[in-house]
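Written out below as structure tokens is the structure these notes cover.
In what follows, every chain begins at residue 1, and chains take the letters A, B, ... in the order their sequences are listed.
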Amino acid sequence: MNIGSKMASNIQPGEELLRIENISLSFGGVKALTEVSFDIKRGEVRAIIGPNGAGKSSMLNVINGFYHPQVGEVWYCGQKRKGLKPFQIAHQGIARTFQNIALFKGMSTLDNIMTGRSTHMRANMLSQAIWRGAAEKEEIKNRRFVEEIIDFLEIQSIRKTPVGRLPYGLQKRVELGRALAAEPVLLLLDEPMAGMNVEEKEDMSRFILDVQSEFGTTIAIIEHDMGVVMDISDRLVVLDYGKKIGDGTPEEIRNNQAVIDAYLGVPHE
Amino acid sequence: MSPEILYTAEVILNGLMAGVMYALVALGFVLIFKASGIFNYAQGVMALFAAMTLVGIQNGQVPFSHLINAVFGTQLHHFGWHLPAIVAILLTVVVMIIFAILVERLVLKHLVNQEPIILFMATIGLAYFMEGFGDLMWGSEIKVLDVGLPKGASLALEEYTVGWATEGSQYYGMYVDKLDMVAALVAIALVITLSLFSQYTKTGRALRAVADDHQAALSVGISLRKIWVITWCIAGVVAMVAGVMWGSKSGVQFSLSLIALKALPVLILGGFTSIPGAIIGGLIIGVGEKLFEYSIGPMIGGATENWFAYVLALFFLVFRPQGLFGDKIIERV
Ligand SMILES: Nc1ncnc2c1ncn2[C@@H]1O[C@H](COP(=O)(O)OP(=O)(O)O)[C@@H](O)[C@H]1O
Ligand SMILES: [Mg+2]
């Protein structure tokens, strides 16, 4: 058990895992997010949708600590979070993928996914040197887990391939694998299906739903394909120009006038 | 074989030895550049500082003795011991590790996410600071470094090769300095150790990950600061090895820090991000400058070794700016 799963151990499925409270974030004059609030419940697939530039990626970057909002609070596992670094947040059980794939291009699929186990590696440099046995045992255990993920994602055939040489769709899958290797409590996916064909999207949707049901992982996903997103998510947040304009089940969002307007391009006041 | 061929072979061999040393210095640059995107101007001074520290510790010199004596009116100079080389080397490694931690704590930590040029400027500052600090700590006089490495011509090689020349020709055997041979072997061992470490340990994997993509590394829970300390430690040890080799050869003095300048053309040839590039680049420059001096040098007045590497680098900058092994630079638009 690592820090993340310990922190979340008393949050039951359906209870609030993460709460975004009144977050505002700007870059110079650009307001990326304005007074956004919503929550993510344990075990759900929570989608964040909205037109380009709406602030979706910025929202994920706030959640995993790349961006620090000027105003507002993030509550995780019932605790208010303050000033944590991204790598510390990773250790609390939040893993992610990126809109523009951020794999370690020169490394093999296996090595990439192994880095995802960083939050489960305890032996440090010194103990590695003195106590080789423990370090080796840990490495073997992690390696076994990673092989399971490789099987799960059906990427056995590219285990040793440097990921920079893989086609785009497979890279996205490896990136998902690296995030899954952390056994995250909360998984953040930034457009995991962008640029994929229908078949690849179906595969990816299946993996995401399997992750939710098999591991009970909570998932926040940004996705543009409305068909897919309505299918796989339990609840959605809709952002437009950095503001929240809708929040609810797929059914509610479909009937939300503000959302319909935003997507049909009704001019803003 | 005619003596000419044998001389040429000797020149190439000596070039390779020199090249290994250049590669060693370049390696220190590449390690830090890959991990943190910093061009560490202080790499050469680190080699000098490590060599001074080694000499100081080995001879039982009291650090900061000038300062202490000036302030307290004492007459401290020596602890009166002479440590075995291996102990002195290990203690120097400890000093370089402390140095790496201090650099991270006092400098790098405050410059996270700054422009590369600012980080570069910081390392220039660091270089000058260390130079002064080293002098203050150990004194600025030229020092003799002797960790018991063999020196002088390898007689075995001379005797072995003397019979290779054609009967009756004036040939006295191949001349290679034993110190150069040792340096080459040590450098090779160091490179192999480093590649095994980076390939087969989890810290090595984390190092490669950070070198590849900072943000992604952070997102999986790797602490950049920890990795930076580790990289600077490794670079410090590499600098020490380079410092010991060059110092044994030509004494520990300020000019030792200038070997870093020779690493620049090596990096331009090999690419700033490639470890094999640093090695091959070093070898090419080492062999290139020795061969050039041997064949063309006499026609144009000699001393070509001073500039050959830079001119070669200039050609590379014009025709292949990414170096031999560097990734092709394509600006994203
Ligand atoms: N690091 C950054 N620096 C400056 N502006 C940024 C940065 N990240 C995002 N933005 C701006 O914030 C706004 C929202 O961007 P983003 O969150 O990427 O939108 P989305 O993911 O919904 O397309 C855009 O106007 C974008 O230019
Ligand atoms: Mg985005």
Side-chain angles (χ1 to χ4, degrees), chain A residues 2-4 60-61 63-66 85-98 100-108 110-126 128-129 132 135-136 138-139 142-143 162-164 175 178-182 184 188 190, chain B residues 30 34-35 90 93-94 97 100-101 104 108-109 112-113 193 195-234 237 271-277 325-328 330 332-333:
Chain A
N2 68 353
I3 308 171
L60 289 199
N61 286 333
I63 296 177
N64 98 306
F66 280 140
K85 303 256 162 52
F87 84 91
Q88 294 168 314
I89 291 172
H91 280 268
Q92 293 191 341
I94 299 183
R96 70 169 295 172
T97 67
F98 295 81
N100 311 306
I101 303 172
L103 284 168
F104 307 119
K105 298 253 175 339
M107 290 162 57
S108 68
L110 186 66
D111 272 355
N112 265 277
I113 302 183
M114 276 301 278
T115 63
R117 291 299 285 169
S118 298
T119 54
H120 293 263
M121 293 172 181
R122 226 164 302 159
N124 63 23
M125 275 265 276
L126 202 65
Q128 263 182 80
R132 284 221 52 87
E136 259 161 42
E138 189 184 77
E139 183 85 358
N142 284 324
R143 177 70 182 268
V163 295
E175 208 191 12
R178 186 180 65 191
L180 287 178
L188 313 173
D190 196 345
Chain B
V30 171
K34 268 177 85 95
L90 289 177
V93 169
V94 172
I97 288 174
I101 294 170
E104 201 282 332
L108 298 179
K109 186 180 132 183
V112 175
N113 290 334
T193 312
S195 20
L196 290 178
F197 171 75
S198 94
Q199 214 58 40
Y200 296 108
T201 67
K202 71 169 224 256
T203 307
R205 193 167 50 224
L207 283 174
R208 280 183 290 143
V210 169
D212 216 317
D213 191 322
H214 284 186
Q215 294 237 309
L218 283 170
S219 83
V220 296
I222 296 170
S223 156
L224 284 189
R225 290 182 51 191
K226 200 165 120 194
I227 294 297
W228 285 348
V229 170
I230 295 171
T231 337
W232 279 75
C233 284
I234 298 174
V237 172
F272 281 79
T273 55
S274 167
I275 289 176
F325 301 92
D327 305 320
K328 196 161 171 64
I330 303 170
R332 231 193 147 106
V333 285

Quiz prompt | Contact origin within B:A217 toward chain A - heavy atom pairs under 4.5 Å | solution = both
Quiz prompt | Straight-line distance of B:I222 CD1 to A:F87 CZ, nearest 0.5 Å | solution = 11.0 Å
Exercise. Could you check A:F66 against B:Q215 for side chain to side chain contact (heavy atoms under 4.5 Å, CB included), going step by step and ending with a plain yes or no?
Key: CA-CA 8 Å; A:F66 280 140; B:Q215 294 237 309; 3.9 Å; yes
Quiz item: Which atoms of A:L103 come close to chain B, meaning under 4.5 Å heavy atom to heavy atom: side chain ones, backbone ones, both, or neither?
Solution: backbone
Self-check item: Salt-bridge criterion met for A:E139 and B:R205 (N-O under 4.0 Å)
Solution: yes
Practice problem: Could you please spell out the steps behind the side chain to side chain contact (heavy atoms under 4.5 Å, CB included) verdict for A:E138 and B:K202? | Solution: CA-CA 10 Å; A:E138 189 184 77; B:K202 71 169 224 256; 4.1 Å; yes
Quiz prompt | A:D111 portion near chain B, given a 4.5 angstrom heavy-atom threshold | solution = both
Quiz prompt | Side-chain touch A:F98/B:S219, heavy atoms, less than 4.5 angstrom | solution = yes
Practice problem: Compare every heavy atom of A:M107 with every heavy atom of B:A209, then report the nearest pair and how far apart it is. | Solution: N-SD, 3.7 Å
Quiz prompt | Nearest atoms (heavy-atom pairs only) where A:A90 meets B:L218 | solution = CB-O, 4.0 Å
Quiz item: Most heavy-atom pairs under 4.5 angstrom with chain B, which of A:R96, A:K105, A:Q88?
Solution: A:K105
Quiz item: Where is the tightest heavy-atom contact between B:V220 and A:T119, given as atom of each residue plus distance?
Solution: O-CG2, 3.7 Å
